[in-house]
Amino acid sequence: MTQPPDQPPHGGFGAPQDQPPGPGGFGTPQPPPVPGAFGAPQAPQAPPAQAGFGAPQPPAAPPQPQPGYGYPQQPGPYGAAPGPYGQPQPGPYGYPQQAPQQPGPYGAPQAGYGQPPQPPYPGMPGIPGAAPGGPASRKKTALIIGSAVAALLVIGGTVFAVTGGGDEGGGGKKPVARHSDGPKHSATSSPTTSGGADPDHLNDGRGPGEAKVLWYAPAPDAPASGADAPGMWITGDTAVKAAYKQVFAFGTGDGHTAWGPLSLPQKICAVTPRQSAEDKVVVAYMSGAGEHAKCNQLQQLDLRTGEKGWSGEVADGGLFDSALTIELTVSGKTLMVGRSQSGTAYDIDSGKKLYDKKRYGAACFPAAYAGGTDRLIQVSSCGVGTSGEHEELQELDPANGAVRWTQKLKKGWEVSRAYSVDPLVVYLTNRDKKTWNISSFTKDGKFRSEVTVDEKFAPRCGWAILERELQGCQGVAVDADTLYLPTDATVSANEIVAVGLADGKEKWRVKSPSDRPMYPLKAEGGKLVAYVQPSYDTGGQVVSVPTAGSAHRTTALLRNPQGAADVEGTFYDGVLDWTGGRLFISSGRLSGDDDSKEKLIMAFGN
């Protein structure tokens, strides 16, 4: 369960921070954002200042009383009056649910939007009070789920225009992928990797049992206002990272340049969060440098070789269906390019158009997508502005777009995040009722369960403004029958709670092995792998917890060196991955400060 959207702010991996006053700041109650007409694009907001991975912080302010357990409750959703504990209440999908603690969607304890949301995990800007990038920043640095999600300001799909001619499906020009040049090296703005060396002496004085920093690379040059560095892909023996206008590739073991870097004409604005089975990704970059530029230029890349594949431009659609911002989703070999009110799917290998997803039924239009190995989930908005306004969840066949099932939500409920696609676990919000809910579904789209645990949870999720970014959360993990959620903590130990997807109830919980919070990374091989935030005098840790049986204790897999703790705690909007016995941390946002010596990416191992 994510932390309710009205919780007090916390920094990356629990680090508190000072926030500037004003709209969007932490500490002043504010109403939910008001969407523009039919999802018309609005000016992005400046991201708030955040703290880094465990940088020294002042004590956190005590939280304000929250609606929930032990506090007076608001009326339940859809006008239902508060009832006695355990009274069934209707949820967003129309199923009567048990309410063990209070009325609400599926009976889960709810909290409102009245207070500012919390920042995400992992890693936040390390300069309290000053967001990297300032007012000009287009992307998130991060607030918790639902805080800035406007119902109609969400991604959907796109009409994708690539070079070529002819008709396909009537009307438009047939997309024909054009092939781009191969890898090009930039001699001026690429970072120089440590190549296994340690120029900053991060491994000096390693203690018994401590792993080492395998390698690290400094951040490339970026504007003083900062720049986005989205995504990180690990494939085979190569770690690939996008930053500003370039894509870099490093050897996972030694950090030497694997290929490139590849340079793009303008700054990168979106990427596919995961690669295809053939290790292909797509990177989007701006159409120009001016204030009217759009995030509509696409470039396919091969992560193994660095070769540029097809490229193309995302065209504007109909009224209020802009390509000002887009989101990219991969499901198998299908790339779904999302815009505000439509979607177009392409073969990620060739760039060939597969199908469009447009308005359907009673004024429904695609609003967001989430992709998995062979699953593609579409969220649609229907009947906007009418008494029948609602959202729908659908699963699509990634190959042809056919609808496998549809699940209608009750009025007022929005799908804000997808914690997992297979199994499907979603986080829903109701801004009017100031409530939230986490629900899971069966393979055929039937409601399975909702989380009903008496706890405040805090996965780390990006700040979605012009797009919903369903798959923008870290610090949460899911396997076939269990959801793993971190409890809310600021600068102290927290717990990870295992919630059964069969009934939404707590199965077990485990406490952080140090005095710092820990967050789930992934569930694999019968174990949960989690990351423990570094402290003042100890490095971070990677630990495992058995998911079966009755003994759920942490076992250290990696103890990062104390000498690297300060650097480990400074990655902005950080991205983490644990693979091959190595921990990779990269920045999601560059500060642009030439004196900061910030790192782009760092690898830990034995």
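In this chain, numbering begins with 1 at the start of the sequence shown. We use all heavy atoms of the structure for the numbers below, so side chains are in, but hydrogens, waters and symmetry mates are not.
The side-chain heavy atoms of Cys269 and Thr325, taken from C-beta on, include no pair separated by under 4.5 Å. The shortest side-chain heavy-atom distance between Val510 and Thr554 falls under the 4.5 Å cut-off. With contacts defined as side-chain heavy-atom distances shorter than 4.5 Å, the pair Thr442/Trp405 does not qualify. For the pair Val415 and Leu409, the minimum side-chain heavy-atom distance is below 4.5 Å. The closest side-chain heavy-atom distance from Asp479 to Tyr484 is below 4.5 Å. Contact annotation: the side chain of Leu428 never approaches that of Lys410 to less than 4.5 Å [non-hydrogen atoms, C-beta and beyond]. Residues Thr435 and Asn437 fail the side-chain proximity criterion, which asks for heavy atoms closer than 4.5 Å. Here the side chains of Phe584 and Leu576 are not in contact, with every heavy-atom distance at 4.5 Å or above.
For the residue pair Ser544 / Thr555, no side-chain donor-acceptor distance below 3.5 Å is found, with atom types taken as modelled. Between the side chains of Tyr346 and Gln300, not a single donor N or O lies within less than 3.5 Å of an accepting N or O. For the 3.5 Å distance criterion, the side chains of Asn494 and Tyr519 fail to qualify, holding no donor opposite an acceptor. Looking at Ser380 and Gln378, their side chains do bring a donor and an acceptor atom within 3.5 Å of each other.
Checking side-chain atoms of Asp228 against main-chain N and O of Pro230 turns up no donor-acceptor pair under 3.5 Å. Side chain of Ser587 to backbone of Gly574: no donor-acceptor contact under 3.5 angstrom is found. A side-chain donor-acceptor contact under 3.5 Å links Ser420 to the backbone of Pro423. In this structure a side-chain-to-backbone donor-acceptor pair under 3.5 Å is missing from Arg274 to Ser331. One N or O on the side chain of Glu327 and one on the backbone of Glu469 form a donor-acceptor pair closer than 3.5 Å. At distances below 3.5 Å, not a single donor-acceptor pair connects side-chain atoms of Trp508 with backbone N or O atoms of Ala548. A distance-only check finds a donor-acceptor pair linking the side chain of Thr547 to the backbone of Gly526 [under 3.5 Å]. Between the side chain of Gln407 and the backbone N or O of Gly445 there is at least one donor-acceptor pair closer than 3.5 Å. Formation of a donor-acceptor pair under 3.5 Å by the Lys522 side chain with backbone atoms of Trp578 is found in this model. A donor-acceptor pair under 3.5 Å is absent between the side-chain atoms of Gln394 and the main chain of Pro366, judged by distance alone.
With values rounded to the nearest 0.5 angstrom, Leu376 atom CG is found 9.0 Å from Lys357 atom NZ. The OG atom of Ser449 lies 11.0 Å from the NZ atom of Lys505; values are rounded to the nearest 0.5 Å. Taken from CG in Asp279 to OG1 in Thr238, the straight-line distance is 9.0 Å, to the nearest 0.5 Å. One finds the CG atom of Leu324 at 8.5 Å from the SG atom of Cys295 (value rounded to the nearest 0.5 Å). Within the model, atoms OG1 of Thr235 and CG of Leu303 stand 6.0 Å from one another, a figure rounded to the nearest 0.5 Å. With rounding to the nearest 0.5 Å, the separation of CZ in Phe365 from CD in Gln341 is 4.0 Å.
Closest non-hydrogen pair, Val330 versus Ser276, comes out as CG1-CA, 4.1 Å. Asp347 and Trp310 get closest at one heavy-atom pair: O-NE1, 4.0 Å. Here the shortest heavy-atom pairing between Asp374 and Glu395 reads O-OE2, 4.4 Å. Closest of all the heavy-atom pairs between Gly401 and Leu396 is O-CD2, 3.8 Å. Taking every heavy atom of both residues into account, Gln275 and Ile234 meet most closely at NE2-O, 3.3 Å. Listed here is the closest heavy atom pair of Ala399 and Asp397: N-OD1, 2.9 Å.
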(request) Any chance you could lay out the side-chain contact (heavy atoms from CB on, under 4.5 Å) test for Ile496 and Leu528, step after step, and finish with the verdict? (result) CA-CA 10 Å; Ile496 292 176; Leu528 174 68; 3.7 Å; yes
(message) Test side chain to side chain donor-acceptor pair (under 3.5 Å) on Tyr360 and Glu392; report intermediate values, then the result.
(response) CA-CA 12 Å; Tyr360 66 92; Glu392 293 183 356; 2.9 Å; yes
(request) For Phe441 and Val426, run side-chain contact (heavy atoms from CB on, under 4.5 Å): C-alpha distance rounded to whole Å, both residues' side-chain angles, the deciding distance at 0.1 Å, then the answer. (result) CA-CA 9 Å; Phe441 299 85; Val426 297; 3.6 Å; yes
(message) Assess the residue pair Thr272 and Lys280 against the criterion (side-chain contact (heavy atoms from CB on, under 4.5 Å)); give the C-alpha distance rounded to whole Å, side-chain angles, the decisive distance to 0.1 Å, and a yes or no.
(response) CA-CA 9 Å; Thr272 52; Lys280 302 297 193 303; over 6 Å; no
(request) Before giving the answer on side-chain contact (heavy atoms from CB on, under 4.5 Å), spell out for Val379 and Tyr369 the whole-Å C-alpha distance, their side-chain angles and the decisive distance to 0.1 Å. (result) CA-CA 6 Å; Val379 176; Tyr369 293 94; over 6 Å; no
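Lys333 NZ: 12 or fewer foreign heavy atoms inside a 6.0 Å radius. Summarising the local packing, CZ of Arg404 is surrounded by more than 12 heavy atoms from other residues, nucleotides or ligands at distances under 6.0 Å.
Using a 4.0 Å cut-off between charged side-chain N and carboxylate O, Asp422 and Lys443 make a salt bridge. A salt bridge links Arg509 to Glu455: at least one charged side-chain nitrogen sits closer than 4.0 Å to a carboxylate oxygen.
Each of Thr452, Leu483, Val499, Val476 was checked for a side chain to side chain contact (heavy atoms under 4.5 Å, CB included) with Ile438, and the lone residue meeting it is Leu483.
The ring-ring contact (aromatic ring centres under 6.0 Å, His included) test applied to His390 returns no partner, not counting sequence neighbours.
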